[in-house]
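To start, the structure itself, in structure tokens.
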Amino acid sequence: MKNILVTGGTGYIGSHTVVELFDNNYNVIIIDNFSNSKPKVLDKLKEITKKEVKFYEGDVQDKTLLRQIFRENKIDSVIHFAGLKAVGESVEKPLEYYQNNIVSTLSLLEVMKENKCKNFIFSSSATVYGTPNKLPITEDMPLSTTNPYGSTKLMIEMILKDLYTSDKSWNISLLRYFNPVGCHHSYLIGEDPNGIPNNLMPYIVKVATGKLPILNIFGNDYDTKDGTGVRDYIHVVDLAKGHIKSLEEFDKNPGLVIYNLGTGNGYSVLEMVKTFEKVNNIKINYKITERRPGDIASCYASPDKVYKKLKWKAEKTLEDMCKDAYQFEKKQ
Ligand code: NAD
Ligand code: UFG
């Protein structure tokens, strides 16, 4: 059984990937500092998987702790989710973002190298495409960033490419996620952000459950089908399964690879609201407000490369995403 170190494994995408890893007979070791997750996720993971999760509480920047983890476990591969991810916050606190995201990745890679563990999956983001000059977005399109969060993702991609150039025995997978939503079918784990949500779906579910009064739709004058922003929403369980395919590729097709993990479908904010209302038979109060600074009109993936190479594609529908997100929120 292979041992996979999952950094940020109690977070939203990490926890769903841990479930898929156990389902696919991997053994999991998690490190997380709970800066954006809660210890109860560990109990939920045990309830879902009926397996013991080995957990280390701490910061991925801490090389002493990382060395201890590698000493106590024979790690085959690392999936690196840990990081700060709020775009707006990154503009206000750039140093925290560079410190946390860049330094943790450097510490991790250094300790992996010391231990001759060279299989690495990185949580990158569609944000590295900046404002795309055509759609759908393919992996070879130009890269740029519009905020410090995006810059950390792009810088880490550059570090990983340089590392690979220096030593071709690394297997590195840069997975560029589009917009994950939804949750595991048990509704035990899901997206549970602290404070007022920044993202669309967590906001919609709070309006649906009466925890927030009204959804603000940020602009209806974009050059899109109905004027509201268009994104590629992907069910988090599909996204998690993509990581299993990526791990399997390390044996079959070693090297550095880059994949978009999206569905290829773009939905507008209004389409999201309408679908949510229909699937859950509930009305969502909304009003149109100013555009949000830094937003782009449309962003959706070409998922062709990842399908061709890994035979992975998203299976779940927008209806599944809307239903699951609402059910999870109702249980909170
Ligand atoms: P999340 O905040 O739910 O999970 C991240 C986890 O990492 C949290 O549990 C947090 O406590 C932990 N963490 C952060 N810094 C740490 C550190 N230095 N040491 C130890 N633990 C640390 O976020 P998520 O949505 O699950 O995202 C996971 C990854 O995917 C992130 O790197 C994020 O940038 C990337 N990503 C997310 C999205 C999205 O929309 N959710 C889109 C693209 C990329
Ligand atoms: N939106 C609203 N009202 C809200 C929240 C969002 O109208 O209350 C709109 C936005 O303007 C945008 C769409 O809904 O048009 C999606 O916005 P999100 O904030 O949910 O997602 P983003 O596409 O802005 O960004 C997310 C993550 C990034 C990640 C990116 C990858 O926040 O970290 O997806 O595509 F990089």
Side-chain angles (χ1 to χ4, degrees), residues 6-17 30-39 41 56-62 65-66 79-88 90 96-97 99-105 107-108 122-129 137 145-147 149-150 152-153 156 175-181 189-194 196-204 206-207 212 214-220 222 224 228-234 236 239-240 260-262 267-270 272-273 286-301:
V6 180
T7 76
T10 50
Y12 175 45
I13 308 171
S15 59
H16 286 83
T17 304
I30 296 177
I31 172 172
D32 203 300
N33 63 2
F34 297 129
S35 59
N36 197 36
S37 56
K38 300 180 180 81
V41 171
Y56 292 84
E57 182 172 352
D59 197 306
V60 183
Q61 296 175 69
D62 179 355
L65 176 60
L66 291 176
I79 310 183
H80 183 34
F81 293 102
L84 300 176
K85 63 158 185 176
V87 172
S90 79
E96 283 185 21
Y97 272 68
Q99 170 77 32
N100 189 74
N101 293 2
I102 306 278
V103 176
S104 62
T105 308
S107 300
L108 185 57
F122 175 58
S123 296
S124 190
S125 165
T127 194
V128 300
Y129 295 111
I137 297 170
T145 67
T146 53
N147 56 71
Y149 163 71
T152 68
K153 292 289 167 192
I156 294 169
L175 302 183
R176 295 177 181 155
Y177 311 153
F178 282 67
N179 292 45
V181 294
I189 53 172
E191 190 166 17
D192 189 11
N194 295 329
I196 296 181
N198 294 300
N199 296 113
L200 180 64
M201 184 60 97
Y203 206 107
I204 291 179
K206 292 229 183 292
V207 175
L212 288 171
I214 191 161
L215 170 71
N216 297 305
I217 296 187
F218 300 139
N220 66 350
Y222 285 105
T224 61
T228 63
V230 167
R231 296 290 183 277
D232 187 338
Y233 298 93
I234 174 169
V236 68
L239 185 64
N260 285 340
L261 296 187
Y267 292 104
S268 73
V269 178
L270 280 174
M272 290 294 282
V273 171
Y286 69 82
K287 66 172 190 291
I288 307 292
T289 62
E290 291 290 288
R291 288 182 176 195
R292 181 171 65 179
D295 270 356
I296 56 173
S298 298
C299 171
Y300 54 91

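Counting starts at 1 for both ligands and their atoms, following the listed order.
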| field | Nearest-contact summary for atom 3 (N) of ligand 2 - protein heavy atom, Å | value | Asn216 O, 2.7 Å

| request: Go through the structure and list residues passing ring pair (Phe, Tyr, Trp, His ring centres under 6.0 Å) with Tyr222, not counting sequence neighbours. | output: none

| Could you state the interatomic distance from CG (Leu84) to OG1 (Thr152), rounded to the nearest 0.5 Å? | 8.5 Å

| task | Just need the protein heavy atom nearest to atom 16 (C) of ligand 2, so name the residue and atom and give the distance. | result | Tyr233 OH, 3.4 Å

| said: Regarding ligand 2, does Asp295 bring an N or O atom to under 3.5 Å of one of the ligand's N or O atoms? | reply: yes

| request: Look only at interatomic distance and state if Tyr203 has a nitrogen or oxygen under 3.5 Å from any nitrogen or oxygen of ligand 2. | output: no

| With a cut-off of 4.0 Å, which atoms of ligand 2 are near a heavy atom of Lys85? | 33 (O)

| message | Under a 4.0 angstrom heavy-atom cut-off, which atoms of ligand 2 come close to Tyr177? | response | 31 (C)

| said: Quick one, Val273 and Ile204 - any side-chain contact, counting heavy atoms below 4.5 Å? | reply: yes

| query | Looking only at heavy atoms, which two atoms of Val128 and Gly150 are closest? And how far apart? | reply | CG1-O, 4.4 Å

| request: Could you check atom 35 (O) of ligand 2 against the protein and tell me its nearest heavy-atom contact, residue, atom and distance included? | output: Asn179 OD1, 2.8 Å

| task | Before signing off on this row, confirm whether Asn199 and ligand 2 have an N or O atom pair separated by under 3.5 Å. | result | yes

| remark: Nearest heavy-atom contact between Asn198 and Ala86 is ND2-CB, 3.9 Å

| note | Ranked by distance from atom 9 (C) of ligand 2, the top protein heavy atom is Val269 CG2, 3.7 Å

| field | Ligand-side contact atoms (ligand 2) for residue partner Ala126, heavy atom cut-off under 4.0 Å | value | 31 (C), 35 (O)

| message | Ignoring hydrogens, what is the shortest heavy-atom contact between Leu212 and Pro197? Give both atom names and the distance. | response | CD1-CD, 4.1 Å

| task | Using a strict 4.0 Å cut-off to heavy atoms of Tyr149, name the atoms of ligand 2 that fall inside it. | result | 33 (O), 36 (F)

| Nearest heavy-atom pair of Lys153 and Ser124: which atoms, and what distance? | CD-CA, 4.0 Å

| query | Quick one: nearest non-hydrogen protein atom to atom 19 (O) of ligand 2, plus distance? | reply | Arg292 NH2, 2.8 Å

| request: Specify the closest pair of heavy atoms between Met272 and Tyr267, including all atoms of both residues, with the distance to one decimal. | output: SD-CB, 4.3 Å

| query | Counting only N and O atoms by type, is there a donor-acceptor contact under 3.5 Å from the side chain of Asp232 to the main-chain atoms of Ala301? | reply | yes

| request: Could you tell me which atoms of ligand 2, counted from 1 in the order shown, lie closer than 4.0 angstrom to a heavy atom of Asn198? | output: 5 (C), 19 (O)

| task | Let me know which protein residues bring a heavy atom to under 4.0 Å of ligand 1; chain then number is fine for ordering. | result | Gly8, Thr10, Gly11, Tyr12, Ile13, Asp32, Asn33, Phe34, Ser35, Asn36, Ser37, Gly58, Asp59, Val60, Phe81, Ala82, Gly83, Lys85, Asn100, Ser123, Ser124, Ser125, Tyr149, Lys153, Tyr177, Phe178, Pro180

| Minimum-distance protein heavy atom relative to atom 36 (F) of ligand 2 | Ser125 OG, 2.5 Å

| task | Compute whether any side-chain donor of one residue and acceptor of the other, for Asn260 and Tyr129, lie under 3.5 angstrom apart. | result | yes

| field | Residue list, side-chain contact (heavy atoms from CB on, under 4.5 Å) with Val87, at least two apart or on another chain | value | Asn147, Tyr149

| request: Could you tell me the residue and atom name of the protein heavy atom closest to atom 12 (C) of ligand 2, and the distance to it rounded to 0.1 Å? | output: Arg231 NH2, 3.7 Å

| Shortest protein contact, atom 4 (C) of ligand 2 (heavy atom only) | Phe218 CE1, 3.3 Å

| task | Kindly give the heavy-atom pair with the smallest separation between Cys299 and Phe178, and that separation in Å. | result | SG-CE2, 3.7 Å

| request: Report the residues that fulfil ring pair (Phe, Tyr, Trp, His ring centres under 6.0 Å) with Phe122, sequence neighbours left out, ordered by chain and then residue number. | output: none

| message | List ligand 2 atoms under 4.0 Å from Ile217, heavy atoms only on the residue side. | response | 7 (O)

| message | Could you tell me if Thr10 and Asp32 have a donor-acceptor pair between their side chains, going purely by distance under 3.5 Å? | response | yes

| said: For a 4.5 angstrom cut-off between non-hydrogen side-chain atoms, does Pro180 reach Glu191? | reply: no

| Does an N or O from Leu200, backbone or side chain, lie closer than 3.5 Å to an N or O of ligand 2? | yes

